[in-house]
**Student:** 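The structure that follows is given in the form of structure tokens.
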Protein chains: 2
Amino acid sequence: MTRLVKGQQNKEVLIEREPIDIESFKKMIRQMGLKVTKQRVHILEAMSSGRAHITAQELFEKLNKNHPEIGFATVYRFLKNMTEHSLVTEVRMGGFPARYELTPNQHHDHLNCTQCGKIVEFENESIEELQLAVAKKFNFKLTGHVLELYGQCDQCNSKGSDT
Amino acid sequence: MTRLVKGQQNKEVLIEREPIDIESFKKMIRQMGLKVTKQRVHILEAMSSGRAHITAQELFEKLNKNHPEIGFATVYRFLKNMTEHSLVTEVRMGGFPARYELTPNQHHDHLNCTQCGKIVEFENESIEELQLAVAKKFNFKLTGHVLELYGQCDQCNSKGSDT
DNA sequence: TTCTAAATGATAATGATTTTCATTGACATT
DNA sequence: AATGTCAATGAAAATCATTATCATTTAGAA
């Protein structure tokens, strides 16, 4: 556990953690034209492990345990940055906080449970094709889309519906 | 050179909507089990005319011109109420304020031109069916969806393509 | 007309996210 | 290795959409 004593020139002591590919994280950051900072590397590390769809707050709290020197503004800023560079994909549901995931190489859409927040990823080639057809029909050059399905998952459904 | 004239953005191509009279507004309100107030009637009037996809703020401002006695809390409250009763459909995208429209008898999705802001409404039964199939596959009870297509419309396309 | 719960408007509160700004730090260049 | 510069950071304040609070008003039943 890294403990940083306040008021002291604290050198970051790296805890020995899984040998995640730190070099490729750095490469990603450089590709965005940004400077490599330990905060950014830590953020990428945190995102590449654990729950896939995480909120900025959750990510901040997760980081805060081992790296309390990282402010939430930095987390938000970097997430936004990565989203703009398509390295991260932002999923927004209803009025809930946005969730982020490292952009998967394979495209997918989301099925969201409005009750417990569970997110299921799916991919449907037929839907993709139909979207292209629609765009073509209206003479649009399709550049992107958002498809989010909302509903209640199996568990929430069977749990009855009070509250 | 594409030139974006400000007043020209966000034009909409509308699917035809039937005009609604005050009596049916009152009927709608009673159907929800709510009291008929002049505020609510005015809100419905404002929604049934003009731009189809409006934010709560825009709606409030529009109403404010002729009915400055209507507070925005009332607008928000009633919109939420109507949304819960499915009389109004809420469209949320990105981190932008939610947009509302009187629930169209004919369901539709949107095709957005990212260059001039034009919105084309479309409806595709096959896509709807596939969505239901996806939900069923994962044992979700589908309650709603957001399908937004993004691209460049015919005009913007032929107009050349720099920003 | 009277009564009462529902509705309203003004305002404060909330929660997520963004901005500000003084300080720190990355990194290209000596 | 030391330096200079400007991007990056953290803390705090600000913002923005939305919701809650609460004293007052009003719809509509009695």
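Numbered from 1 within each chain, the chains take letters A, B, ... in sequence-line order.
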**Student:** Decide yes or no on side-chain contact (heavy atoms from CB on, under 4.5 Å) for Cys113(A) and Phe140(B), but give the supporting numbers first.
**Tutor:** CA-CA 8 Å; Cys113(A) 178; Phe140(B) 268 60; 3.8 Å; yes

**Student:** Does a sphere of radius 6.0 Å around NZ in Lys141(B) hold more than 12 heavy atoms from other residues, nucleotides or ligands, not counting ones at 6.0 Å or beyond?
**Tutor:** no

**Student:** Using whole Å, what does the distance between atom C1' of nucleotide dT18(D) and atom CG of Leu59(B) come to?
**Tutor:** 15 Å

**Student:** Do Asp109(B) and His145(B) pair up side chain to side chain, a donor and an acceptor below 3.5 Å, judged on atom types alone?
**Tutor:** yes

**Student:** Could you pull out the closest heavy-atom pair between Glu90(B) and Ala98(B), with the gap in Å?
**Tutor:** CG-CB, 4.0 Å

**Student:** How long is the line joining CG of Asn64(B) and P of dG9(C), in whole Å?
**Tutor:** 11 Å

**Student:** In residues 26-40 of chain B, which ones come under 4.0 Å of DNA chain D, going by heavy atoms?
**Tutor:** Lys35(B), Val36(B)

**Student:** Compare side-chain N and O positions of Tyr76(A) against OP1 and OP2 of dT17(C) and report whether any pair is under 4.0 Å apart.
**Tutor:** yes

**Student:** Nearest-Å distance, CG (Leu79(B)) to P (dA17(D))?
**Tutor:** 14 Å

**Student:** Tell me: CD of Gln57(A) to C1' of dT17(C), nearest whole Å?
**Tutor:** 9 Å

**Student:** Under 30°, 30 to 60°, or over 60°: which ring-plane class applies to His42(A) and His67(A), parallel, tilted or perpendicular?
**Tutor:** parallel

**Student:** Closer to the 5' end of DNA chain D via nearest nucleotide, is it Thr55(B) or Arg77(A)?
**Tutor:** Arg77(A)

**Student:** Once you round it to whole Å, what is the distance between P of dA7(C) and CE of Met82(B)?
**Tutor:** 13 Å

**Student:** Could you check how far CD of Glu90(A) sits from P of dT18(C), rounded to whole Å?
**Tutor:** 8 Å

**Student:** Round to the nearest Å and state the distance from Phe60(A) atom CZ to dT18(C) atom C1'.
**Tutor:** 15 Å

**Student:** Could you check how far CZ of Phe72(B) sits from P of dA13(C), rounded to whole Å?
**Tutor:** 14 Å

**Student:** Begin from the C-alpha positions of Glu69(A) and Lys38(A) and carry the test salt bridge (charged side-chain N to carboxylate O under 4.0 Å, His left out) through to its verdict.
**Tutor:** CA-CA 11 Å; Glu69(A) 76 279 6; Lys38(A) 57 178 184 283; 5.6 Å; no

